[in-house]
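Presented below is the structure to which this report refers.
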Amino acid sequence: NENADFNLNENLNHVFINSVTTALKELNTGDNVLRINGWDTFLQRPVWEIAGKINDGSRLIIEKLNKKIFLVIDEPGFVSAKIIAMIINEAYFALGDEVSSKTEIDTAMKLGTNYPYGPFEWAEKIGVINIYLLLKKLMFNYLRNQSTVEPIMFNRSAKMLKDRENYNYENQDKVKKNFSNTLAITS
């Protein structure tokens, strides 16, 4: 049996969670919990960004999943999700400035960067709400209002969030005004 060296009972104490916006230190988890990015298109990659303490048991599980790992600092967005979210945000700014259409921006990014998706295609696959929530978290934690969520994406995300039963409507206008009045960092 090829799995003879893999004892399931010994490896049940390893937990992999999809937590892109919330770090392990915020969740107050044990050493057996590892964070991965479970967003659509990220899980399918052969290499996973992972945060947490890797040990022999977790390495064995990852090996059995035929994945390689890239150990990153335990902070919101990992590395790839932060970059993709910011690219998507910039694409929304370009759309808002009427630089081009969504289709043309997607095509230009795929041709110019050899990305598998354009920023709007990625936003649809990942979910605009997920992108918005990550950008909001990054703004709060790191960027200190030096960047903003593009208003079109903000409005679309806010509408989607309103539809959620547990959405908190408090301070929405104040938050929207603060996001709209800040300057964007451009690359």
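For reference, positions follow the sequence shown, starting with 1. Excluded from the calculations below are hydrogen atoms, water molecules and symmetry mates; all remaining heavy atoms, backbone and side chain alike, are included.
A cation-pi arrangement is present between Arg35 and Phe78, with the terminal nitrogen or guanidinium carbon under 6.0 Å from the aromatic centre and inside a 45° cone about the axis.
Taking both residues in full, the closest heavy atoms of Lys125 and Asp40 are given as O-CB, 3.3 Å, listed atom of the first, atom of the second, then distance. Closest heavy-atom contact between Asn32 and Asn13: ND2-O, 2.7 Å. Here the shortest heavy-atom pairing between Val20 and Ala81 reads CG1-CB, 3.9 Å. Across Trp39 and Gln44, no two heavy atoms sit closer than the pair O-OE1, 4.5 Å.
A donor atom on one side chain and an acceptor atom on the other are found under 3.5 Å apart for Ser58 and Asn55.
Taking OG1 of Thr21 as the reference point, atom CG of Leu133 lies at 6.5 Å (rounded to 0.5 Å). Atom CG of Leu111 is separated from atom CG of Asn114 by 9.0 Å, given to the nearest 0.5 angstrom. Between the CD atom in Glu90 and the CD1 atom in Ile105 there is a gap of 11.0 Å [rounded to 0.5 Å]. Between Glu75 atom CD and Thr22 atom OG1 the span is 13.0 Å, to the nearest 0.5 Å. The CG atom of Leu34 lies 7.5 Å from the CG atom of Leu24; values are rounded to the nearest 0.5 Å. From Asn37, atom CG reaches atom CD1 of Ile50 across 11.5 Å, with rounding to the nearest 0.5 Å.
Contact check on Glu121 versus Lys110 returns a salt bridge, with a Lys/Arg side-chain nitrogen under 4.0 Å from an Asp/Glu carboxylate oxygen. A salt bridge links Asp31 with Lys53: the closest approach of a Lys/Arg side-chain nitrogen to an acidic carboxylate oxygen falls below 4.0 angstrom. Using a 4.0 Å cut-off between charged side-chain N and carboxylate O, Glu26 and Lys137 make a salt bridge.
At most 12 heavy atoms of other shown residues, nucleotides or ligands fall within 6.0 angstrom of atom CD1 in Ile73.
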Exercise for the section: Could you check Leu43 against Ile36 for side-chain contact (heavy atoms from CB on, under 4.5 Å), going step by step and ending with a plain yes or no? Expected result: CA-CA 8 Å; Leu43 271 182; Ile36 61 169; 3.8 Å; yes
Practice task
Begin from the C-alpha positions of Leu65 and Phe16 and carry the test side-chain contact (heavy atoms from CB on, under 4.5 Å) through to its verdict.
Solution key: CA-CA 12 Å; Leu65 292 171; Phe16 294 76; 5.7 Å; no
Exercise for the section: Let me see the working for Tyr92 and Val128 under side-chain contact (heavy atoms from CB on, under 4.5 Å), right down to the final yes or no. Expected result: CA-CA 11 Å; Tyr92 271 97; Val128 175; 3.8 Å; yes
Exercise for the section: Would you check, one step at a time, whether the test side-chain contact (heavy atoms from CB on, under 4.5 Å) holds for Lys102 with Leu95? Expected result: CA-CA 7 Å; Lys102 284 183 177 183; Leu95 182 68; 3.7 Å; yes
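For Trp48 and Phe42, the gap between ring centers reaches or exceeds 6.0 Å.
With hydrogens and angles disregarded, a donor-acceptor distance shorter than 3.5 Å links the side chain of Lys25 to the backbone of Asp74. Remark: side-chain polar atoms of Glu49 are paired, donor with acceptor, to backbone N or O of Val79 under 3.5 angstrom. A donor-acceptor pair under 3.5 Å links the side-chain atoms of Asn130 to the main chain of Ile126, judged by distance alone.
Follow the hydrophobic side-chain contacts under 4.5 Å out from Phe120 and you never reach Val99; the two are in separate clusters.
In this structure, the side chains of Lys67 and Val47 stay at 4.5 Å or more apart for every pair of heavy atoms. For the pair Ile69 and Ile54, the minimum side-chain heavy-atom distance is below 4.5 Å. Side chains of Tyr115 and Ile87 form a contact here, defined as non-hydrogen atoms less than 4.5 Å apart. Taking the side chain as every heavy atom from C-beta outward, Asp56 and Leu60 never approach each other to under 4.5 Å.
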